[in-house]
Protein chains: 2
Amino acid sequence: MAIKTLKSILNQQFSYTINGKLWIECMGERFFGPGPVELLENINTTGSINKAAKEMNMSYKKAWAIINALNTNVAKPLVVMKSGGEKGGGSVITKEARQLITYHKKLRKRFIYFLEKETKKLNHLS
Amino acid sequence: MAIKTLKSILNQQFSYTINGKLWIECMGERFFGPGPVELLENINTTGSINKAAKEMNMSYKKAWAIINALNTNVAKPLVVMKSGGEKGGGSVITKEARQLITYHKKLRKRFIYFLEKETKKLNHLS
DNA sequence: TATCGTTATATCTTTGAAAATACAACGGAC
DNA sequence: GTCCGTTGTATTTTCAAAGATATAACGATA
């Protein structure tokens with residue numbers, strides 16, 4: 001089918017875009033996407049799951065669940081938590097977490113490029 | 001970052017895949033994806049929104065809302081409804097709907113290819 | 001005019017996920 | 001031993017989306 005025929009179907013007054021979501025699944029269930037990445041970065045900044053969650057208006061419970069899922073779905077933990085001790089404890093992200101984040105950023109870039117390419121194609125600007 | 005370093009992070013006992021969702025937005029809100037496509041195809045088969053909705057375990061209310069959104073987001077209607085008359089009425093999909101469906105199928109194929117390519121890359125089988 | 005199955009719309013009920021709340025456990029500093 | 005802020009976990013509450021229910025309107029047919 002030619003894109004040309006779509007031009008007469010779509011309303012030229014409106015703007016159309018191709019959009020989507022992307023994530024990494026482990027054993028069939030999603031466990032790594034933009035949310036976890038932002039959470040990891042906030043933990044890296046603040047040094048605690050608690051503060052990181054608050055920073056992004058997320059409940060501690062949900063944040064903990066995400067971190068827990070992350071750690072159980074990879075070979076080496078992405079976050080090491082410590083309860084008790086000076087300042088009551090805290091959490092730090094590992095080298096592995098940093099590597100996963102940079103991989104995800106590049107993957108995401110390729111996805112954004114795909115979306116933009118398809119949007120241009122839809123609006124036959126290419 | 002080299003994919004190679006990821007190999008030591010991921011658990012080799014588990015299987016990882018890149019997955020996602022894709023849709024078309026009009027004026028910033030999603031209005032066309034796999035759901036509407038299935039609904040349109042069911043209307044085409046059954047000749048009625050009612051039967052089409054039942055076929056896919058969807059409430060008539062929701063089906064009607066989808067169809068209504070579709071029709072208001074394009075230049076020419078995708079579904080023409082008729083209430084009353086022989087058999088009480090019914091609905092048919094237009095040529096434009098068929099064209100949008102085939103466009104969507106091809107778009108979806110390209111997306112699936114993207115996902116498979118990225119999954120292979122992640123598992124460094126390529 | 002009565003019948004039929006559909007479209008169209010309003011209202012009430014359910015229910016399931018997210019948020020809020022509460023509290024125990026931890027362990028270093030003092 | 002007490003204090004602190006964090007992690008860890010259970011329980012309760014909220015709320016919005018989905019579903020169920022009810023009913024009017026439609027128009028060809030007979």
Side-chain angles (χ1 to χ4, degrees), chain A residues 21 23 25 28-74 76-94 97, chain B residues 21 23 25 28-36 38-74 76-94 96-97:
Chain A
K21 290 188 177 186
W23 61 84
E25 288 184 1
E29 68 181 34
R30 82 174 73 178
F31 89 105
F32 202 79
V37 167
E38 188 184 350
L39 183 58
L40 286 176
E41 285 174 334
N42 282 342
I43 291 175
N44 187 44
T45 306
T46 62
S48 104
I49 296 177
N50 216 354
K51 288 175 189 161
K54 281 197 181 112
E55 200 135 312
M56 56 198 294
N57 272 38
M58 178 184 286
S59 68
Y60 171 82
K61 184 185 175 180
K62 187 174 179 184
W64 183 87
I66 289 175
I67 299 301
N68 196 46
L70 287 182
N71 279 346
T72 61
N73 281 323
V74 293
K76 298 178 182 175
L78 301 183
V79 180
V80 300
M81 301 97 123
K82 200 180 76 175
S83 84
E86 58 181 353
K87 289 178 179 177
S91 299
V92 294
I93 72 175
T94 64
Chain B
K21 291 189 176 186
W23 61 84
E25 288 184 1
E29 70 180 34
R30 81 173 76 177
F31 89 105
F32 202 78
E38 188 184 350
L39 182 58
L40 286 175
E41 285 174 336
N42 282 342
I43 291 174
N44 187 43
T45 307
T46 63
S48 104
I49 296 177
N50 216 355
K51 288 176 189 160
K54 282 197 180 111
E55 199 134 313
M56 56 197 295
N57 271 39
M58 179 184 285
S59 67
Y60 171 83
K61 184 185 175 180
K62 187 175 180 183
W64 182 87
I66 289 175
I67 300 299
N68 196 46
L70 287 183
N71 279 346
T72 61
N73 281 324
V74 294
K76 297 176 181 175
L78 301 183
V79 180
V80 300
M81 301 98 123
K82 200 180 77 175
S83 85
E86 56 182 355
K87 291 180 181 176
S91 299
V92 295
I93 73 175
T94 64
E96 284 77 16

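The structure displayed is predicted, hence computed values, not measured ones. All chains are named by letter (A, B, ...) in the order of the sequence lines, taking the proteins before the strands, and each is independently numbered beginning at 1.
- Of the residues near DNA chain C, A/Glu86 and A/Ser59, the one whose nearest nucleotide (by heavy atom distance) lies more toward the 5' end is A/Ser59.
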With side-chain contact (heavy atoms from CB on, under 4.5 Å) as the criterion, how do B/Val74 and B/Glu96 come out once you've worked through the C-alpha distance, each side chain's angles and the decisive distance to 0.1 Å?
CA-CA 10 Å; B/Val74 294; B/Glu96 284 77 16; over 6 Å; no

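- B/Ile66 has its side chain within reach of B/Met58: a pair of non-hydrogen atoms, C-beta onward, lies under 4.5 Å apart.
- Atom pair A/Ile67:CD1 and D/dT9:P shows a separation of 15 Å (rounding to whole Å applied).
- Using a 4.5 Å heavy-atom threshold, the side chains of A/Leu40 and A/Leu70 count as touching.
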Protein heavy-atom contacts under 4.0 Å, written 5' to 3' over nucleotides 2-8 of chain D as B (base), S (sugar-phosphate only) or - (none), form the string ---BBBB

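- Considering only heavy atoms from C-beta on, B/Met81 comes within 4.5 Å of B/Ile49 through its side chain.
- Residues B/Asn42 and B/Met56 form a side-chain contact, since some pair of their non-hydrogen atoms from C-beta on lies under 4.5 Å apart.
- The base of C/dT7 lies outside donor-acceptor range of the side chain of B/Lys61, with no N or O pair under 3.5 Å.
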